[in-house]
Number of protein chains: 2
Amino acid sequence: MNIGDVARRSGLPTKTIRYYEEIGFIRPKRLDNGYRDFDEAELHKLAFIGRARSLGFSVEDCRILLELYDDKSRASAVVKKVAEQNLKAIDAKIADLQAMRVTLSHLIDKCAGDHRPDCPILENLGKITTKDA
Amino acid sequence: MNIGDVARRSGLPTKTIRYYEEIGFIRPKRLDNGYRDFDEAELHKLAFIGRARSLGFSVEDCRILLELYDDKSRASAVVKKVAEQNLKAIDAKIADLQAMRVTLSHLIDKCAGDHRPDCPILENLGKITTKDA
DNA sequence: ATGGGGCTTCCAGTCACCGGAAGGTCAAGG
DNA sequence: CCTTGACCTTCCGGTGACTGGAAGCCCCAT
């Protein structure tokens, strides 16, 4: 299977697939002309990584998850722990963004948004909130 | 004012301040010994950038906001628009993360998380969801 | 044989910094 | 006067996870 077919079937760009080879996720054989030749197992692995990435797992998380996936005797608790850590990280990001959102939307609400130059948004950003030593 | 004082008063790391000089946000004078010498206006500007960054504005957004801040005759509508675009981007990120969160937490709930090897998390990641051409 | 797409490698760029090395400067203490 | 330690400087490289582009094969259909 050529890289283009794998890209279509996995949903990953060819650039990303080459990158995943570079960082050791896959080692496709080569044809005589130098083209990569993927088998179904590699396609499968790439699709796995793609799904995990879309759920917010880092590439290094994926490396761990792949190892766990291959190790059929590992306890599910181990996998669950990795997933829970990821969930925590996602929750923290959501909380950060929501805090931003609150402040920013307050600012936007207070701004008339007309032809006049007075703007509470800039005024607030301009406030020096230093901790004078 | 030395860079260390500015760092303490603005809350930005010295590395970041030097970086902001490099990309043209500020142009502090230099003392004979080569040290940067900041004035209050520069401190103010850095604090402004720091606050905007913490609200999710990109560095390029900050460049625009600074220009708008300096242009006392611009309409507040212009600023509001930039802020609203940022708010939209924040909302999109929150939505993405929440979608991830839902899927991942379902998966985690379904996983026993014990000594047994069966794990719905990995099983789901392993599902090939390709669009076979 | 020619054209167009697909494949290869390699280099550089993204974004917003951060870490560290090598070295100059300054104020205080012995 | 010397040392110590906290500053400051520049420069180089790295981060994460790709992405873009150039230069150049390769393959197939016309």
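These numbers come from the heavy atoms of this one structure, side chains and all, not from hydrogens, waters or symmetry mates. Please read all numbers here as calculations on a predicted model, not as lab measurements. First the proteins, then the strands, lettered A, B, ... as listed; each starts at 1.
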### Task
Give the rounded distance in Å between these two atoms: CZ of A:R30 and P of C:dT8.
6 Å
### Query
Can you check whether A:D114's main-chain N or O pairs, donor with acceptor, with B:S76's side chain at less than 3.5 Å?
yes
### Query
Rounding to a whole Å, what distance do you find between A:F25:CZ and D:dG16:P?
12 Å
#### Entry: Axis deviation across the helix from C:dA1-D:dT30 to C:dG30-D:dC1, five-pair ends, to the nearest 10°
30°
Can you tabulate the close N/O pairs, meaning under 3.5 Å, that link protein atoms to atoms of nucleotides 22-28 of chain C?
{"unit_1": "C:dG24", "atom_1": "N2", "unit_2": "B:Y35", "atom_2": "OH", "d": "3.0"}
{"unit_1": "C:dT25", "atom_1": "O4'", "unit_2": "B:Y35", "atom_2": "OH", "d": "3.4"}
{"unit_1": "C:dC26", "atom_1": "OP1", "unit_2": "B:N33", "atom_2": "ND2", "d": "3.0"}

### Query
If every non-hydrogen atom of B:F25 is compared with every non-hydrogen atom of B:K45, which pair is closest and at what distance?
O-NZ, 3.5 Å
## Note on the structure
From CD1 of A:I49 across to C1' of D:dG16 the rounded distance in Å is 15 Å
### Message
Please check: side-chain N/O of B:S10 versus main-chain N/O of B:V6, any donor-acceptor pairing under 3.5 Å?
### Response
yes
### Message
With a 6.0 Å cut-off (strictly less than), is the heavy-atom count around CZ of B:R27, excluding the residue itself, greater than 12?
### Response
no
### Task
Quickly work out the A:R36 CZ to C:dT9 C1' distance and round it to whole Å.
9 Å
### Message
Students often get this wrong, so: under 4.0 angstrom with heavy atoms, is A:I23 touching a base, only sugar-phosphate, or nothing?
### Response
nothing
Which atoms of nucleotides 14-18 of chain C (N or O only) lie under 3.5 Å from a protein N or O atom, and what are those distances?
{"unit_1": "C:dA16", "atom_1": "OP1", "unit_2": "B:V59", "atom_2": "N", "d": "3.4"}
{"unit_1": "C:dC17", "atom_1": "OP2", "unit_2": "B:Y20", "atom_2": "OH", "d": "2.5"}
{"unit_1": "C:dC17", "atom_1": "OP2", "unit_2": "B:R53", "atom_2": "NE", "d": "3.0"}
{"unit_1": "C:dC18", "atom_1": "OP2", "unit_2": "B:T16", "atom_2": "OG1", "d": "2.7"}

### Message
Within the structure provided, determine whether B:K80 and A:C119 are in side-chain contact (heavy-atom separation under 4.5 Å).
### Response
no
#### Entry: Rounded distance (Å) that lies between atom P of C:dG19 and atom CZ of B:R18
13 Å
### Query
Does the side chain of B:I17 reach to within under 4.5 Å of the side chain of B:I26, using non-hydrogen atoms?
yes
### Query
Taking the side chain from A:R63 and the backbone from A:E67, do they hold a donor-acceptor pair closer than 3.5 Å?
no
#### Entry: Euclidean distance, atom CD of residue B:E22 to atom P of D:dT10 [Å, nearest integer]
10 Å
### Query
Taking NZ, NE, NH1 and NH2 as the nitrogens, is one of them in A:E123 or A:K110 under 4.0 Å from a carboxylate oxygen of the other?
no
#### Entry: Short side-chain to backbone donor-acceptor contact, B:D39 and B:E42, under 3.5 Å
yes
### Message
Expressed as a whole number of angstroms, how long is the span from A:I3:CD1 to C:dG5:P?
### Response
19 Å
### N-O pairing of B:D118 and B:R116 below 4.0 Å
no
### Query
Rounded to whole angstroms, how far apart are CD on B:E21 and P on D:dC8?
14 Å
### Test item: B:R36 and B:M1 side chains (from C-beta on) under 4.5 Å apart, heavy atoms
no
